[in-house]
Chemist: 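Sharing a structure with you now.
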Amino acid sequence: MIQFPKPTVEQFFRTYAITDFAVSKDEQRLIFSSNLNGKMNLWAMDLPDTFPYLFAHQNESCSFIQIDPENRYVLAGFDKDGDENHQIYAVPYEGGLPQPLITGDPADKFYFAHLSEDGKRVYYMTSEGNPSFLNARVRNIADKTDTLLNEGEGYPTELAAVSEDEKAFVYLRSSANTYVTGVVKLGEETYSLTPDLEKVHVVFDPVFVDDQTIYFITDYESEYSYIAKFDLKLKEFSAVVTIENESIETVKFNKELAVLYLTSEKGVSDRLYRYDLTSERLEALTLPVDVIGKIHVAASGAVYLLGISGTKPVNIYHSKTGEAWEQLTNNNVLGLNNKDMVEPDVVSYPSFDGMEIEALLFKARPENDNGHTIFWAHGGPQAAERKTFRAMFQCFLNRGYTIFAPNFRGSTGYGSSFVKLVEQDWGEGPRLDCVAGIEWLFDNKITDREKLFLVGGSYGGYMALLLHGRHAEYFKAVVDIFGPSDLFTFVNSVPPHWKPIMERWIGDPERDKERFIKDSPVTYLDGMTKPMLVIQGAKDPRVVKEESDQIVAKLEEEGRDVEYYVMEDEGHGFSKKENEIKVYSMMLDFMEKHQ
């Protein structure tokens, strides 16, 4: 018989990203953003046919897709080489080359907010003229007139919902990731969606179910987020749907059936519910995935879902009832199936102060196990490692590495108090949670003290640098993927509309100078003695290239073993498949060299 070699790195990375999708009102066309041809473009399927074809060629990341209700055009947002300066383009309904619709200086951002029911007016936010707080505007497509609706002041302000009669507008004002207040503006009057704007809470995902009633998600006076309602006529707030120990994350409205579809987050996985506004009945629905990326509810009642699982890449699914699901895309690992993937164990361990920390443990199969473990610090930090397919994880597992991914304090999915624990404490509590997780690995004989690698990206890259500097004795080698290296420089280099939230998120560099020094990885250069690989996107607007440049330069001055690779055409992540394959191949070679 023919003997085939072990799967190559490229096989795992020939899975593809699907970052967004939209469905036409008549449900005859589905358009999605993907790097099917190696770079991000728009692809389409003419339903029920599920064969994808290239719909719009741009070779750039897409921030949204919106199909005109009358099927005359498609709107989409594109940036340039990952710089996240998204601008709004129009594409013919039959596809083609995007043409600029709402654009400006390449340094400015134009974020889509809403398309009118007749498809004639586009509501959007822009940094143009107000880079820190953003302005809301409306563009009349026919006569190209453009009107200022709201000028952001004091906080970054998002236009989040527009009533059907286009007379009422919901704005969200961000003081931090965990402090986002909502107001509705009707004429010259403005009303708070929640009773007390001074209380720290979040408001997000508002929807008008009629011109007088707004449903939205909030954690106002609650540990977990829930559905609330604001009656614009009575000026009255009320809680509507709460789910014990779950945070509702998305709400979609079906006007014809008068139902809400809700997604919720519970630790490392998601749930899906349907709520009938008339009967006030909440019904749990089945899910074909572990984690939901997006849902779309059609007028017919059909549900379309973008989702992912621990062992299955992201795909788009369809259900006529929200129960039986049909997979519309076929995004799989080349030449392998689910049986070849490793499902994670959900474990927990006590941290330094007794707090319970949940984690995902991916165990290398005995026939592949090389005895080494990768400690993975997730990004965010107000995010979480969840049951989502990572080509990197499954590829490295196939090469024999066990992977441990803790949801240290500050992670989402465990209540509002838990997620706030990282605020103004980037480097103490979360770091000690990681140290406790490492000791748990040793105590439970999952890995030996001489066989642990450290890898992290974004905030996880910061944590990788910090753990390396302060606890190098634990690790064989370290990989930092676009991680901040110095809190003083990082806090001043983020995008302008991030700067108003930095005080609550990280702190003030003058007031908190001692803590900034203590929590900056660059403080611990003397401890960074293990081999390092540093990865950076040249166009990264969140963690700018200088953050990696400076730590690499200082390590090289000290004569340390450090490799540095800069992707000239990427930002904060991978939009181009060949870059992704090259980086993870480098990581595998790096770790194999230092086993």
Chemist: Glu246 and side chain to side chain donor-acceptor pair (under 3.5 Å): which partner among Tyr273, Tyr224, Tyr226?
Modeler: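 With Glu246 as partner, side chain to side chain donor-acceptor pair (under 3.5 Å) holds for just one option, Tyr273.
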Chemist: Take the angle between the ring planes of Trp426 and Tyr462 and call it parallel below 30°, perpendicular above 60°, tilted in between.
Modeler: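 It falls in the perpendicular class, over 60°.
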Chemist: May I ask you to check whether Ser411 and His378 show a side-chain donor-acceptor distance below 3.5 Å?
Modeler: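 There is such a pair between these side chains.
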Chemist: Find out whether the Lys NZ or Arg CZ of Lys185 is both under 6.0 angstrom from the six-membered ring centre of Phe169 and within 45° of the ring's axis.
Modeler: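 Lys185 over Phe169 ring: no.
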Chemist: In Å, rounded to the nearest 0.5 Å, how long is the span from CD of Glu223 to CD of Glu244?
Modeler: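 Taking CD in Glu223 and CD in Glu244, the distance rounds to 12.5 Å.
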Chemist: With distance as the sole test, does Gln424 use its side chain to make a donor-acceptor pair with the main-chain N or O of Glu503 at under 3.5 Å?
Modeler: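 Looks like yes, one N/O pair under 3.5 Å.
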Chemist: Provide the closest heavy-atom pair for Arg431 versus Leu466 in the form atom of the first, atom of the second, distance.
Modeler: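 So the two residues come closest at CD-CD2, 3.8 Å.
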Chemist: According to the interplanar angle, ranging from 0 to 90°, do the rings of Phe490 and Trp505 count as parallel (below 30°), tilted (30 to 60°) or perpendicular (above 60°)?
Modeler: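 Phe490 and Trp505: tilted rings.
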Chemist: Would you say Gln550 and Val522 make side-chain contact, with heavy atoms under 4.5 Å?
Modeler: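 They are not in side-chain contact.
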Chemist: Would you check if the side chain of Thr213 reaches a backbone N or O of Val209 as a donor-acceptor pair within less than 3.5 Å?
Modeler: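 No, the answer is negative, given that no donor and acceptor are paired below the 3.5 Å cut-off.
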Chemist: Using 4.0 Å as the upper bound for N to carboxylate O, is an ion pair formed by Glu164 and Lys255?
Modeler: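 Salt bridge present between Lys255 and Glu164.
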Chemist: Do the side chain of Lys499 and the main chain of Asn492 share a donor and acceptor less than 3.5 angstrom apart?
Modeler: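 The answer is yes, because a donor-acceptor pair under 3.5 Å joins these two groups.
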Chemist: For Glu358 and Asn407, which I'm curious about, is there any donor-acceptor pair between the side chains at under 3.5 Å?
Modeler: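 Checked: Glu358/Asn407 side chains show no N/O donor-acceptor pair below 3.5 Å.
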Chemist: Can you tell me if Glu510 has over 12 outside heavy atoms packed within less than 6.0 Å of its CD?
Modeler: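 Incorrect, the count does not exceed 12.
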Chemist: Ring pair (Phe, Tyr, Trp, His ring centres under 6.0 Å), that's the test. Do Tyr124 and His114 meet it? Break it down for me.
Modeler: CA-CA 7 Å; Tyr124 66 99; His114 177 78; over 10 Å; no
Chemist: Between CE of Met567 and CD of Gln536, what distance do you get to the nearest 0.5 Å?
Modeler: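 These two atoms lie 7.5 Å from each other.
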Chemist: Just verifying a value: how many Å separate Ile18 CD1 and Met40 CE, rounded to the nearest 0.5 Å?
Modeler: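 The CD1 atom of Ile18 sits 9.0 Å away from the CE atom of Met40.
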Chemist: If you round to the nearest 0.5 Å, how far is OG of Ser33 from CD1 of Ile65?
Modeler: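 It is 4.5 Å, given to the nearest 0.5 Å.
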Chemist: Ring pair (Phe, Tyr, Trp, His ring centres under 6.0 Å) between Phe482 and His572: does it pass, once the steps are laid out?
Modeler: CA-CA 7 Å; Phe482 35 78; His572 199 69; 4.6 Å; yes
Chemist: Answer whether the closest heavy-atom distance between the side chains of Tyr275 and Val259 falls below 4.5 Å.
Modeler: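 Side chain of Tyr275 against side chain of Val259, heavy atoms only: no contact under 4.5 Å found.
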Chemist: Should the pair His201 and Tyr220 be assigned to parallel (<30°), tilted (30 to 60°) or perpendicular (>60°) ring geometry?
Modeler: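 Aromatic pair His201/Tyr220 classed perpendicular.
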Chemist: Please verify the inter-ring angle class for Phe21 with His296; under 30° counts as parallel, over 60° as perpendicular, anything in between as tilted.
Modeler: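 Correct class here is perpendicular.
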Chemist: Measure from the side-chain N and O atoms of Gln87 to the backbone N and O of Asp105, and report whether any donor-acceptor pair falls under 3.5 Å.
Modeler: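 Checking the backbone N and O of Asp105 against the side chain of Gln87, a donor-acceptor pair under 3.5 Å is found.
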Chemist: Any idea which heavy atoms bring Ser132 and Pro500 closest together, and the distance?
Modeler: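 Looking at all heavy atoms of both residues, the closest pair is O-CG, 3.9 Å.
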Chemist: Establish, from distance only, whether the side-chain atoms of Ser348 and Glu356 form a donor-acceptor pair under 3.5 Å.
Modeler: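 A pair is found: one side chain offers a donor N or O, the other an acceptor, under 3.5 Å apart.
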Chemist: Would a distance-only check, ignoring hydrogens and angles, find a side-chain to backbone donor-acceptor pair under 3.5 Å from Glu547 to Ser485?
Modeler: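 Yes: the side chain of Glu547 pairs with the backbone of Ser485.
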Chemist: Could you report the tightest heavy-atom contact between Leu262 and Val241, atom names first, then the distance?
Modeler: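 Minimum heavy-atom separation between Leu262 and Val241: CD1-CG1, 4.0 Å.
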Chemist: Between Ser192 (side chain only) and Thr194 (backbone N and O only), is there a donor and an acceptor less than 3.5 Å apart?
Modeler: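 Between the backbone of Thr194 and the side chain of Ser192 there is a qualifying donor-acceptor contact (under 3.5 Å).
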Chemist: Specify the closest pair of heavy atoms between Leu197 and Tyr179, including all atoms of both residues, with the distance to one decimal.
Modeler: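 The answer is O-OH, 2.6 Å.
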Chemist: Start with the C-alpha distance between Glu84 and Lys109, add both sets of side-chain angles, then the distance that settles salt bridge (Lys or Arg N to Asp or Glu O under 4.0 Å), and finish with yes or no.
Modeler: CA-CA 8 Å; Glu84 299 185 16; Lys109 307 171 193 293; 6.0 Å; no
Chemist: So does Leu101 get a backbone contact from the side chain of Arg139, meaning a donor-acceptor N/O pair under 3.5 Å?
Modeler: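 Present.
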Chemist: To check you understand the geometry: which heavy-atom pair defines the closest contact between Glu265 and Asp270, and what is its length?
Modeler: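 The answer is CA-OD1, 3.6 Å.
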Chemist: Taking side chain as C-beta onward, heavy atoms only, is Leu287 less than 4.5 Å from Leu305?
Modeler: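 Leu287 reaches Leu305 side chain to side chain.
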Chemist: Do Asp433 and Ser351 have a side chain donor and acceptor closer than 3.5 Å?
Modeler: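 Short answer, yes.
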Chemist: Kindly indicate whether the side chain of Phe418, heavy atoms from C-beta on, has any atom under 4.5 Å from the side chain of Ser416.
Modeler: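 Phe418 does not reach Ser416 side chain to side chain.
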Chemist: Hey, are the side chains of Val203 and Leu172 touching, using non-hydrogen atoms and a 4.5 Å cut-off?
Modeler: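 Yes, at least one pair of side-chain atoms sits under 4.5 Å.
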Chemist: Does Lys518 have more than 12 heavy atoms from other residues, nucleotides or ligands lying within 6.0 Å of its NZ?
Modeler: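 Yes, NZ of Lys518 has more than 12 neighbouring heavy atoms, counting only those of other groups under 6.0 Å.
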Chemist: Can you check whether Thr388 reaches Asp290 side chain to side chain, under 4.5 Å on heavy atoms?
Modeler: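 No, their side chains stay 4.5 Å or more apart.
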Chemist: Is any side-chain heavy atom of Trp376 closer than 4.5 Å to a side-chain heavy atom of Phe393?
Modeler: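 When only atoms from C-beta onward are counted, Phe393 and Trp376 do touch, with a gap below 4.5 Å.
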Chemist: Is Lys229 positioned over the aromatic face of Phe237, cation under 6.0 angstrom from the ring centre and no more than 45 degrees off axis?
Modeler: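 Output no; distance or angle outside limits.
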Chemist: What residues, two or more places apart in sequence or in another chain, satisfy side chain to side chain donor-acceptor pair (under 3.5 Å) together with Asp353?
Modeler: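 Here the qualifying residues are Arg409.
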Chemist: CZ/Arg137 to CG/Leu149 distance, rounded to the nearest 0.5 angstrom?
Modeler: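 With rounding to 0.5 Å, CZ (Arg137) is 8.0 Å from CG (Leu149).
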Chemist: Show your working on side chain to side chain contact (heavy atoms under 4.5 Å, CB included) between Thr178 and Glu423 and close with a plain yes or no.
Modeler: CA-CA 9 Å; Thr178 55; Glu423 292 176 344; 2.3 Å; yes
Chemist: Would you say the side-chain atoms of Arg386 pair up with the backbone N or O of Ser269, donor to acceptor, closer than 3.5 Å?
Modeler: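 Flag set: sc Arg386 to bb Ser269 pair under 3.5 Å.
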Chemist: So among Asp540, Leu465, Val534, Ile535, which one has a side chain to side chain contact (heavy atoms under 4.5 Å, CB included) with Ser548?
Modeler: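 So, applying the side chain to side chain contact (heavy atoms under 4.5 Å, CB included) to Ser548 and each of Asp540, Leu465, Val534, Ile535, only Val534 qualifies.
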Chemist: When you compare the side chain of Lys420 with that of Val200, does any pair of heavy atoms fall below 4.5 Å?
Modeler: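 Result yes, sub-4.5 Å side-chain heavy-atom pair found.
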Chemist: Tell me if a side-chain donor or acceptor on Thr126 pairs with a main-chain N or O of Glu128 at a distance below 3.5 Å.
Modeler: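 Between the backbone of Glu128 and the side chain of Thr126 there is a qualifying donor-acceptor contact (under 3.5 Å).
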Chemist: For salt bridge (Lys or Arg N to Asp or Glu O under 4.0 Å), just list the numbers for Glu60 and Lys80, CA-CA rounded to whole Å, side-chain angles, deciding distance to a tenth of an Å, and then say yes or no.
Modeler: CA-CA 6 Å; Glu60 299 291 357; Lys80 179 65 175 173; 3.7 Å; yes
Chemist: Closest approach of Pro430 and Tyr459, non-hydrogen atoms and distance?
Modeler: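 Nearest pair, atom of Pro430 first, then Tyr459: CB-OH, 3.4 Å.
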Chemist: To the nearest 0.5 Å, how far apart are CD1 in Ile217 and OG in Ser225?
Modeler: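 Output value for this atom pair is 6.0 Å.
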